[in-house]
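Notes follow the structure.
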Amino acid sequence: MKVYGVVGWKNSGKTGLVTRLVAEFVARGFMVSTIKHAHHAFDVDHEGTDSFRHRAAGASEVMLTSGARWALMHELRDAPEPGFDDLRQRLSPVDLVLVEGYKLENFPKIEVHRAVSKADILGEGDDNVRAIASDCGKILTGRPAFQLDDTNAIADFIKSERQL
């Protein structure tokens with residue numbers, strides 16, 4: 001499976017770009033999955049549901065199924081966080097996996113940058129960051145720059161980079 005990342009500082013627009021890219025690639029006929037890394041505890045389940053009660057009781061994994069979808073939740077229970085490659089291997093095969101986060105992993109990425117963040121550029125000195133998408137004209141030396149909202153051009157770039 002081809003992997004391409006979207007990285008940037010908090011509130012830079014990563015999720016918005018990933019969402020638009022998923023829609024764009026699906027409209028082009030590609031099968032797409034995503035992996036999002038969160039730096040904090042999160043919960044996709046809510047207190048009171050049966051699946052929450054299963055997890056709270058100590059289940060290591062809880063699978064929810066219906067006629068519309070299925071989901072698998074795995075509790076680490078103080079075990080170390082799995083590496084990116086271990087997680088990627090759990091996905092069903094698709095044409096493209098878009099990854100939000102995992103700044104330090106070794107796969108091609110596009111950096112997202114917003115003027116309001118006033119943050120440093122992550123990609124300087126990191127050859128895995130192949131381009132930048134910005135709302136303020138920020139550039140990465142020697143690499144393509146895109147307007148943050150130019151989803152079509154960014155998708156074309158990723159398609160070319162990953163030979164989709």
Side-chain angles (χ1 to χ4, degrees), residues 1-40 42 44 61 63-74 76 80-117 119-164:
M1 291 188 291
K2 309 284 177 110
V3 174
Y4 211 93
V6 176
V7 297
W9 296 108
K10 184 178 179 180
N11 296 322
S12 61
K14 298 180 301 291
T15 300
L17 179 58
V18 169
T19 302
R20 292 190 312 272
L21 287 170
V22 168
E24 179 66 25
F25 279 111
V26 169
R28 294 180 184 197
F30 293 100
M31 290 183 61
V32 180
S33 290
T34 64
I35 297 175
K36 177 179 173 44
H37 188 258
H39 291 285
H40 47 81
F42 67 91
V44 295
E61 290 188 331
M63 181 177 285
L64 296 169
T65 66
S66 75
R69 70 188 53 87
W70 65 271
L72 177 64
M73 292 177 286
H74 181 95
L76 292 176
E81 181 179 353
F84 175 77
D85 287 332
D86 292 332
L87 295 170
R88 183 185 61 178
Q89 291 173 17
R90 293 175 183 259
L91 291 175
S92 297
V94 294
D95 300 309
L96 178 64
V97 178
L98 290 171
V99 179
E100 182 177 338
Y102 286 100
K103 294 178 188 107
L104 303 178
E105 290 295 324
N106 187 25
F107 51 78
K109 304 168 186 83
I110 188 163
E111 180 172 346
V112 178
H113 190 276
R114 285 194 188 271
V116 296
S117 74
D120 294 334
I121 301 296
L122 294 167
E124 291 295 345
D126 182 354
D127 290 339
N128 286 315
V129 178
R130 306 288 171 83
I132 189 165
S134 165
D135 67 353
C136 61
K138 285 283 187 176
I139 62 166
L140 279 166
T141 308
R143 287 172 258 185
F146 299 95
Q147 285 295 317
L148 183 54
D149 61 356
D150 194 351
T151 307
N152 189 51
I154 295 168
D156 287 344
F157 177 76
I158 292 170
K159 182 177 180 258
S160 174
E161 279 257 299
R162 299 310 291 163
Q163 300 177 352
L164 292 171

Run the numbers on Q163 and K2 for side chain to side chain contact (heavy atoms under 4.5 Å, CB included), then give the verdict. CA-CA 9 Å; Q163 300 177 352; K2 309 284 177 110; 4.2 Å; yes
Evaluate the criterion salt bridge (charged side-chain N to carboxylate O under 4.0 Å, His left out) for residue pair K159 and D156; output intermediate values, then yes/no. CA-CA 5 Å; K159 182 177 180 258; D156 287 344; over 6 Å; no
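The line from CD of E24 to CG of L98 is 11.5 Å long, rounded to the nearest 0.5 Å. Atom-to-atom distance recorded for M1:CE and L91:CG is 5.0 Å, nearest 0.5 angstrom. Distance check: F25 CZ to D95 CG gives 10.0 Å after rounding to the nearest 0.5 Å. In this structure, OH on Y4 lies 5.5 Å from CD1 on I158, to the nearest 0.5 angstrom. To the nearest 0.5 Å, the span separating CG on L122 from CD1 on I132 amounts to 8.5 Å. Rounded to the nearest 0.5 angstrom, N128 CG and E105 CD are separated by 9.5 Å.
Environment of CG in N106: sparse, with no more than 12 heavy atoms of neighbouring residues, nucleotides or ligands closer than 6.0 Å. Within a 6.0 Å sphere centred on NZ of K138, heavy atoms belonging to other residues, nucleotides or ligands number 12 at most. More than 12 heavy atoms of other residues, nucleotides or ligands shown are found within 6.0 angstrom of CE on M63. Around CG of D86, the count of heavy atoms belonging to other residues, nucleotides or ligands within 6.0 Å exceeds 12.
For the pair R162 (side chain) and V3 (backbone), a donor-acceptor distance under 3.5 Å is present. Of the possible polar contacts, one joining the H113 side chain to the A119 backbone as a donor-acceptor pair under 3.5 Å is found. Checked by atom type and distance alone, the side chain of D135 pairs as donor or acceptor with a backbone atom of A115 at under 3.5 Å. A distance-only check finds a donor-acceptor pair linking the side chain of R114 to the backbone of S12 [under 3.5 Å]. Judged by distance alone, with hydrogens and angles left aside, the side-chain atoms of W9 form a donor-acceptor pair with the main-chain N or O of D120 at under 3.5 Å. Distance alone, capped at 3.5 Å, is enough to place a donor-acceptor pair between the E111 side chain and the G123 backbone.
Remark: the E81 side chain and the H37 side chain contain an N/O donor-acceptor pair separated by less than 3.5 Å. With hydrogens and angles left out, the side-chain atoms of T15 and E100 include a donor and acceptor closer than 3.5 Å.
The two residues G137 and S134 come nearest to each other via the heavy atoms N-OG, 3.3 Å. Between A133 and L17 the shortest heavy-atom distance is CB-CD2, 4.4 Å. Considering every non-hydrogen atom in both E124 and T141, the closest pair reads OE2-N, 3.4 Å. Counting all heavy atoms, side chain and backbone alike, G13 lies closest to V112 at C-CG1, 3.9 Å.
Residues V99 and K109 form no side-chain contact, since every pair of their non-hydrogen atoms from C-beta on lies 4.5 Å or further apart. With a 4.5 Å cut-off on side-chain heavy atoms, I110 and V6 count as touching. Using a 4.5 Å heavy-atom cutoff, the side chains of H74 and L87 are not in contact.
Among T151, N152, V26, the single residue meeting the side-chain contact (heavy atoms from CB on, under 4.5 Å) criterion with L21 is T151.
Taking the six-membered ring for Trp and the full ring otherwise, the centers of F107 and Y102 sit at least 6.0 Å from each other.
Considering only residues two or more places apart in sequence or on other chains, F157 meets the ring-ring contact (aromatic ring centres under 6.0 Å, His included) condition with F146.
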